[in-house]
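Values in this document were obtained by computation on a predicted structure and should not be read as measured data.
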Amino acid sequence: MFDFSASSDPSTSSTSPSTSPSPLTVPDTDDIGRWLAGVEERAPSLIAVVVIAFVIWIVFHWAIKLFTRSIERGAPMSDPKTVAALKKAKIRLPQQDDIDARLEAERRRQRAHTLQRVLNSALTLVIIIIVLITVLGVLGVPVGPMLASAGILGVALGFGAQSLVKDLLAGVFMLIEDQYGVGDVVDLGAAAGSVEEVGLRSTRLRALDGTVWYVPNGEITRVGNMTRLWSRVMVEVRFAYDTDIEAAREAMIDAVKAAAQESDEVRSALLGEPEVAGIESLEYNAIMLRLMCQVNPAMQWDVQREVRREMRRIFGERNIRLAVPGDAMVIDEKPAKRAPRIRDKRKHDEQPSDDDGRPLPPPSQDLDGDGETD
């Protein structure tokens with residue numbers, strides 16, 4: 001077995017006992033035979049360890065399965081508690097069609113299965129390590145030096161792979177909390193775009209210009225999900241000071257209604273009535289009004305474009321003027337009757353100079369000195 005003495009000589013060990021353990025030595029055949037000598041007597045203990053470990057594994061495996069199944073099932077919208085919470089928060093959920101419902105169910109299923117695989121792998125690894133250490137202890141193998149060596153190795157690996165462990169833990173908690181999923185448009189601080197892949201170590205985004213971003217989960221300090229449950233249209237317009245506020249407000253609301261009449265996509269995306277609360281700000285050259293309306297997830301950009309197009313038409317029809325910056329130059333829109341004559345070349349007359357080259361004043365046309373040109 002492991003040798004902790006300073007010397008193998010009995011006489012030396014009796015006169016000068018060792019004060020510090022020697023390095024670990026490889027066990028020989030005698031040590032292995034000594035450990036296996038009483039296996040028959042220790043068999044009940046070994047069987048008990050294996051049975052207890054198996055029971056613990058079954059219990060935790062069942063708990064993990066229940067946990068991930070609840071994530072996969074999600075919160076049913078017909079649940080009274082869910083309906084009461086949404087009504088209290090004044091949130092109106094969109095009416096999902098069959099395709100959206102299947103995509104949402106598939107997203108939950110993938111997230112639940114990923115968590116189940118990770119948790120089951122971690123559980124199996126922990127159970128195996130505990131069983132191995134317990135069996136070695138029952139056989140009489142000194143596990144103390146082994147645990148000390150494993151602890152030192154674990155510390156070294158922890159310092160070397162701390163960023164990887166941080167990414168994995170952040171990925172697990174992100175999946176548990178369901179912060180975002182494939183297809184969501186998110187802002188992760190370092191990058192923003194549509195989520196293409198969610199992993200335990202990193203998240204892959206596709207930006208608007210087509211750039212693919214790989215963001216480590218451990219480096220994500222904030223998440224802004226722009227397509228979670230519902231989105232909001234927000235259009236801000238600055239009007240001139242002499243504009244009728246009620247007329248401008250009605251024109252903005254009528255623009256939403258006109259966009260819904262012109263486009264079936266806009267009409268199906270709207271989840272509520274548009275509202276313009278009032279004057280949002282008084283600026284030095286404008287009065288700002290803000291239009292807001294709830295829409296289906298990821299539809300706010302399409303609806304905003306259609307609403308702005310209708311606003312431009314309605315403002316022109318009702319003669320509602322927008323604000324002009326104070327340092328802007330206003331040019332008469334009426335075309336000139338005759339184009340101005342632009343002279344690019346100037347005619348320079350020769351200026352007389354004296355003998356030293358200094359310029360002389362132009363010759364006077366007043367010959368009689370009465371102050372008038374003759």
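No donor-acceptor pair closer than 3.5 Å links the side chain of S231 to the backbone N or O of T227. A donor-acceptor pair is defined here as one N or O able to donate and one able to accept, closer than 3.5 Å; such a pair exists between the side chain of D184 and the backbone of G181. The backbone N or O of A259 lies less than 3.5 Å from no partner atom in the side chain of S263, so there is not a single donor-acceptor pair. Side-chain atoms of E310 never come within 3.5 Å of backbone atoms of V256 as a donor-acceptor pair (strictly under, hydrogens ignored). Checking side-chain atoms of N225 against main-chain N and O of Q179 turns up a donor-acceptor pair under 3.5 Å.
Within a 6.0 Å sphere centred on CG of L208, heavy atoms belonging to other residues, nucleotides or ligands number 12 at most. Within 6.0 Å of CZ in R318 there are more than 12 heavy atoms belonging to other residues, nucleotides or ligands. The number of heavy atoms from other shown groups lying within 6.0 Å of CZ (F54) does not exceed 12. Within 6.0 Å of CZ on R313 lie more than 12 heavy atoms contributed by other residues, nucleotides or ligands. Remark: E196 CD is packed, more than 12 non-hydrogen atoms of other residues, nucleotides or ligands lying under 6.0 Å away.
The hydrophobic clustering, which links ILVMFWY residues whose side-chain heavy atoms are closer than 4.5 Å, places I279 and F315 together. Linking ILVMFWY residues whenever their side-chain heavy atoms come closer than 4.5 Å, directly or via other members, places V49 and I58 in the same cluster. With hydrophobic clusters built from ILVMFWY side chains whose heavy atoms lie under 4.5 angstrom apart, L282 shares a cluster with V237.
W301 shares a hydrophobic cluster with V185, M226; the chain of contacts runs through ILVMFWY side chains whose heavy atoms sit under 4.5 Å apart.
With rounding to the nearest 0.5 Å, the separation of CZ in R249 from CD1 in I245 is 11.0 Å. Here CD1 of I130 is found 10.0 Å from CG of L125. Values are rounded to the nearest 0.5 Å. Rounded to the nearest 0.5 angstrom, M288 CE and F239 CZ are separated by 11.0 Å. Expressed to the nearest 0.5 Å, how far CZ of R267 lies from CD of E262 amounts to 10.0 Å. Within the model, atoms CE of M311 and CD1 of I253 stand 9.5 Å from one another, a figure rounded to the nearest 0.5 Å. Rounding to the nearest 0.5 angstrom, the gap separating the CZ atom in R305 from the CD atom in Q300 is 10.0 Å.
Taking every heavy atom of both residues into account, R201 and D167 meet most closely at O-CB, 3.6 Å. The two residues A286 and A323 have their closest heavy-atom pair at CB-CB, 3.3 Å. Taking each heavy atom of A240 and I287 in turn, the nearest pair found is O-CD1, 4.3 Å. Nearest heavy atoms, R232 versus Q304: O-OE1, 4.3 Å. Taking both residues in full, the closest heavy atoms of G272 and C293 are given as O-SG, 3.3 Å, listed atom of the first, atom of the second, then distance. Residues A248 and L289 share a closest heavy-atom pair of CB-CD1, 4.0 Å.
Between the side chains of N217 and T203, at least one donor-acceptor pair of N or O atoms lies under 3.5 Å.
A 4.5 Å side-chain heavy-atom check between L291 and V307 finds at least one atom pair inside the cut-off. Here the side chains of K257 and D254 are in contact, with some heavy-atom distance below 4.5 Å. Contact check for L188 versus Y180: side-chain heavy atoms found under the 4.5 Å cut-off. Counting only heavy atoms from C-beta outward, the side chains of I220 and M174 never approach each other to under 4.5 Å. Side chains of E283 and R238 form a contact here, defined as non-hydrogen atoms less than 4.5 Å apart. The closest side-chain heavy-atom distance from D187 to R222 is below 4.5 Å. Taking the side chain as every heavy atom from C-beta outward, N285 and V324 never approach each other to under 4.5 Å.
None of V59, I64, L66 except one satisfies the side-chain contact (heavy atoms from CB on, under 4.5 Å) rule with W62; the exception is L66.
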Working for side chain to side chain contact (heavy atoms under 4.5 Å, CB included), residues L205 and V212:
CA-CA 6 Å; L205 300 179; V212 178; over 6 Å; no
